[in-house]
Each structure stands twice: as C-alpha cells, then as structure tokens.
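The structure appears right after this line, and notes come after that.
Per chain, numbering begins at 1; letters A, B, ... match sequence-line order. Computed from a predicted model, the values in this text were never measured in an experiment.
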There are 2 protein chains.
Amino acid sequence: MRDGPDIARVAALIGDPARANMLSALMSGKALTATELAQEAGVQAQTASSHLSRLVEGGLVAPRKSGRHKYFSLAGEEVAEVLEALMGLAAGKGHLRTRTGPKDQAMRQARVCYNHLAGEMGVQMFRSLQAQGVLVGPDLQVSPRGRQFLKALGLDLASLPKSRAPMCKECLDWSARQSHLAGRLGRALLSHFIEEGWARRQADSRVVQFTPQGLHLFEKHFGKAVRPQEDFA
Amino acid sequence: MRDGPDIARVAALIGDPARANMLSALMSGKALTATELAQEAGVQAQTASSHLSRLVEGGLVAPRKSGRHKYFSLAGEEVAEVLEALMGLAAGKGHLRTRTGPKDQAMRQARVCYNHLAGEMGVQMFRSLQAQGVLVGPDLQVSPRGRQFLKALGLDLASLPKSRAPMCKECLDWSARQSHLAGRLGRALLSHFIEEGWARRQADSRVVQFTPQGLHLFEKHFGKAVRPQEDFA
DNA sequence: CATATAGTTCGATCTATAGCGAAGCATAAA
DNA sequence: TTTATGCTTCGCTATAGATCGAACTATATG
C-alpha cells in the first residue's frame with residue numbers, strides 16, 4: 001500500500017466539472033484566456049480564477065501573461081494523453097455527456113488532440129506511416145526513407161524547432177481506440193496540413209475539417225481511413 | 001463546448017483518496033475482498049462498502065461473490081491503463097506520496113500492472129519482442145515466427161482461453177515512460193514466468209521478484225534491461 | 001440450533017470546497 | 001488624468017459527500 005505516485009491529487013483536480021470543462025476546451029491546443037475558460041466552464045470569472053490557479057499549481061496547466069490578458073494552455077503532451085485516456089474510458093462506459101450528434105461524427109473522423117491530428121484519420125495516418133516504413137522500430141524513429149517521404153510532402157525535419165520533447169510519440173485515441181501520432185512530428189504534420197490548405201480548424205470546437213482536395217491528397221499519401229466496426233450501440 | 005465524453009465523472013471517482021488507494025491496490029491484478037480493500041484504503045468497512053458500490057456503478061470495478069466474501073477487481077485493462085497514465089503524470093509532476101525507498105526501485109525494475117509485466121523489464125521485453133519480429137505491424141500481430149518463439153518458451157497460443165479481448169495491446173509505463181505489453185499475451189507471459197519459477201510476486205505489493213536463474217533466462221530471451229537515463233532528480 | 005464473520009443500510013455529523021457578490025489591483029485605452 | 005477591461009482576493013453561504021456508530025442481512029462454522 002501507499003506505493004507509487006499520488007493519483008488522487010491529479011484525478012481530483014480533473015474531477016471537478018468546471019475544471020474538466022476547461023481542460024477539455026484546452027484540448028483544442030489553443031491557449032485561452034481566463035474569461036474564455038470561465039465561459040467554457042459556465043462559471044463566473046472569480047470562480048474560474050480560483051480553479052485556474054489550482055490547475056497551475058497542480059502542474060496541469062501553464063499560464064502565460066500577455067498584456068492584461070492571461071492565457072492558459074495544457075502543461076504538456078502528457079496531460080493531453082491522460083485526458084484522452086480518460087475520455088476513452090468514459091466513452092466506453094457510456095458516460096457521454098451529450099447524445100450523439102452530427103458534430104460527434106465529425107469529431108470521430110478528424111479532430112485535434114492538443115496539437116496533433118486524432119480520430120480515424122489520425123489513426124490511419126499513423127498506421128500508414130509505419131506500414132510505409134517512415135516510422136520504424138518500437139521507439140518510432142524516422143528512417144532515412146522517412147525523411148525523404150516527409151520532404152516530398154514539403155516538411156523538412158531539420159527546420160523543426162529543436163526541443164527535448166520526443167519527435168514521435170503514441171497517443172491513444174478515445175474514439176478509435178487505437179494509437180495515433182503525437183510528439184513534435186505529429187504537431188508539425190497537422191500544422192502543415194493546415195498551412196497547405198488541406199484542412200482547417202473549426203472555429204469553436206476540436207473538429208478538423210478537410211477540404212475535398214485536401215482529403216484527396218491525404219488519401220493519396222496515407223490511404224483511406226476505414227471506419228472500424230462498432231461493436232456497441 | 002460540452003464535446004465528448006464526461007471526463008469529470010470518472011476522474012472524480014478516482015479522485016477520492018480512499019478510492020484511489022483501493023484502485024491502486026487492485027493494480028496488483030489480484031481480486032480483493034471488501035474488507036481487504038477497506039484496510040488498504042484506511043477506512044471502516046461501511047465507508048469502503050459505499051465507495052465500492054460507487055466504483056462498481058461507475059464501471060471501474062467488477063464485483064464477484066464467493067460465499068460470504070465479495071471480491072472486487074478492476075473492470076478491465078482500460079481502467080488499468082488510465083491508472084498507469086495518471087501515475088505517470090503524477091510522478092512526472094513530483095507528486096509522490098512517499099519518499100523514494102528501496103521498494104520503489106524494485107517497482108521501477110519489475111512490477112505487475114493489473115495482470116502483465118511492467119517496469120524496465122516489461123519495457124525491455126516489449127522492445128525485444130518487436131525487434132525479434134515476434135510482434136509485427138502497428139497492430140502488434142503475432143507473426144508465424146513469433147508463434148515458434150513463444151512455443152520455444154513453452155507457451156502455446158492456441159491453449160490460451162478465447163476471448164474478445166485483444167491479444168496484444170500497448171500500455172504506457174509510468175516509471176519508464178515507454179510502452180510495455182498488455183493484452184492476453186502480456187498476461188500469459190507474466191503467469192508463465194511465475195509458473196516456471198522465473199519470478200514470483202511479492203506478498204503485499206506489486207513488485208515482481210526475479211530469481212537469479214529466472215533473470216538469466218529472461219536476459220537470454222529478451223536481452224538485458226538497460227536503465228534509461230533519468231533527466232530529473 | 002447458536003455464534004462468528006462479511007457485507008450492507010440507515011442516520012447523523014462534519015469537513016472541504018464550489019459558488020458568487022463585492023471590493024481591490026493591474027494594464028490598456030481615451 | 002479618467003474610464004474600461006481583465007483578473008484576483010476576500011468573505012460568506014450552501015451543498016455534496018466522506019466518515020463512522022449502530023442496527024440489520026447473509027453466509028459459514030461448531
């Protein structure tokens with residue numbers, strides 16, 4: 001007993017509805033101001049302020065001041081991964097907050113997970129990258145051939161900002177229940193898609209909307225995303 | 001806003017110290033009775049009973065009656081994976097409940113994660129299985145050659161109980177921060193090690209103790225576990 | 001049967017904390 | 001400067017829920 005890290009502290013921090021809403025909103029990857037987060041959570045500014053300081057103190061969220069605004073974002077990919085894992089569990093248990101809608105389907109197809117592409121297309125991309133030998137081995141190294149492939153896409157690895165963060169990391173998807181690509185490369189690919197006009201972010205949600213041409217190009221490079229059979233209603 | 005699954009409910013369930021202790025204890029993979037869990041959590045039996053019914057209702061824990069005892073276990077691997085992810089986050093943030101002790105080091109080396117091997121040796125085994133081509137592809141299929149390898153170990157896949165649960169699944173390690181093998185094969189391998197006398201479970205913790213011969217055999221088949229460099233004190 | 005043990009249910013208490021109104025800072029614009 | 005906006009601190013209330021004592025049910029054992 002009393003082994004290991006203190007789970008309860010972190011879980012309790014996520015376990016409040018207001019804070020959970022804030023964190024979910026931050027899964028969009030955008031940094032949001034305190035008032036925006038207050039609206040998102042459905043509470044007054046003072047309440048939000050208190051919640052936010054607790055999230056910061058708990059290391060789940062990072063603050064950044066800019067003028068008279070204060071922006072908040074998730075403290076790192078690990079936080080995003082825990083949130084995705086929780087979403088997966090909650091979805092599996094049928095603890096859905098809203099009934100399934102058209103937006104929900106779009107979310108399953110392609111959405112942003114903190115800073116990279118998730119959903120069926122995210123999973124498809126990840127599998128394809130492995131199948132094509134772009135990412136090899138258990139630690140997901142980019143092969144020389146992979147560099148070429150990425151270069152052909154217009155992405156130069158050498159131009160990525162250096163950082164101690166891992167280049168490639170897996171992240172478990174709550175909708176598809178398969179891994180997709182996180183890490184610096186995952187981030188770079190998503191922003192590349194958006195810069196190149198393949199896709200664009202939907203204003204107030206995590207949905208990623210591919211254009212017809214973008215979808216065509218995506219399928220050309222990564223194959224077609226097959227919807228996995230759902231075994232629960 | 002209000003997208004996706006209801007994270008807060010699950011997180012709040014995990015977020016109570018008593019319940020978190022119970023869940024951590026269940027990470028050992030053993031089914032425990034209500035009174036044992038009460039002791040583990042440090043609360044009275046009535047309190048534990050209330051907590052347990054909430055955990056069951058929330059789908060995190062599965063009850064099983066046996067005579068006048070009632071055993072509880074984690075409801076599935078997904079639950080275990082969320083708990084491991086939370087441990088990783090908490091450990092990374094330095095939210096350790098106890099100071100590092102000798103037991104802690106043993107935990108990092110080899111421990112049980114619900115029903116499979118985790119820790120440095122778990123990670124090493126997973127990598128080796130991939131490097132040797134036993135598990136191939138993004139969905140971790142067992143190759144024909146892999147079947148042979150396992151057979152040589154004394155493990156016949158055909159004899160495993162059939163189930164809809166996946167044969168191989170990744171699980172992220174909170175100590176090593178790398179994936180290790182979960183799923184039916186992961187479970188089978190750990191029990192095989194124990195049956196063959198390579199290792200045994202420590203009585204009241206999640207530590208897995210390898211015998212000298214067992215360690216030797218393990219290294220012969222899976223290579224030597226290298227401790228990753230720690231970049232935080 | 002009586003007795004012990006495992007677990008649950010009920011009721012009462014008590015604490016932690018989410019929530020907000022009001023006032024106080026800080027930064028930016030006019 | 002004044003005025004407006006973003007955020008925080010203080011103080012209070014209300015409420016959820018964690019805890020336990022005591023009584024109750026169910027299963028095993030002698």
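The residue from B:V79, B:L26, B:L74, B:L83 that alone fulfils the side chain to side chain contact (heavy atoms under 4.5 Å, CB included) condition with B:Y114 is B:L74.
Using a 4.0 Å heavy-atom cutoff across all strands shown, A:A18 reaches sugar-phosphate atoms only and no base atom. Across all strands shown, B:T33 has heavy atoms under 4.0 Å from sugar-phosphate atoms exclusively, and none from any base.
Taking atom NE2 on A:H51 and atom C1' on D:dT8, their separation rounds to 14 Å, with Å as the unit. Regarding B:R68, its CZ atom lies at a distance of 12 Å from the C1' atom of D:dG30, rounded to whole Å. Computed from coordinates, the B:L52 CG to D:dA18 C1' distance equals 14 Å when rounded to whole Å. For B:Q44 and C:dT9, the CD to C1' distance is 16 Å, given to the nearest whole Å. Spacing between atom CZ of B:R19 and atom P of D:dG17 amounts to 9 Å, rounded to whole angstrom units. Atom P of nucleotide D:dA18 and atom CE of B:M22 are separated by 11 Å, given to the nearest angstrom. The nearest whole Å value for the distance from the OH atom in A:Y71 to the C1' atom in D:dG6 is 11 Å. Separating the CZ atom of B:R64 from the C1' atom of C:dG7 is a distance of 16 Å, rounded to the nearest angstrom.
Under a cut-off of 6.0 angstrom, the local environment of CZ in B:R184 is crowded, with over 12 non-hydrogen atoms contributed by other residues, nucleotides or ligands.
For D:dG21, its base sits under 3.5 Å from the side chain of B:Q46 at one donor and acceptor pair at least.
Within the 4.0 Å cut-off from OP1 or OP2 of C:dA6, not a single side-chain nitrogen or oxygen of B:K65 is found. Phosphate proximity of C:dG19 to A:T47: absent, as no side-chain N or O sits under 4.0 Å from OP1 or OP2.
Side-chain polar atoms of B:E36 and B:T33 form a donor-acceptor pair below 3.5 angstrom.
Using a distance-only test at 3.5 Å, with no hydrogens or angles considered, a donor-acceptor pair links the side chain of A:T211 to the main chain of A:W198.
With contacts defined as side-chain heavy-atom distances shorter than 4.5 Å, the pair A:L52/A:M22 qualifies.
Listed nucleotides: C:dT8, D:dG17, D:dC7. Nearest to the side chain of B:R54: D:dG17. When distances are taken from the side chain of B:T35 to each of C:dG19, D:dA18, C:dG7, the shortest belongs to C:dG7. With D:dT8, C:dA6, D:dG21 as the choices, the nucleotide that has an atom nearest any side-chain atom of B:H69 turns out to be C:dA6.
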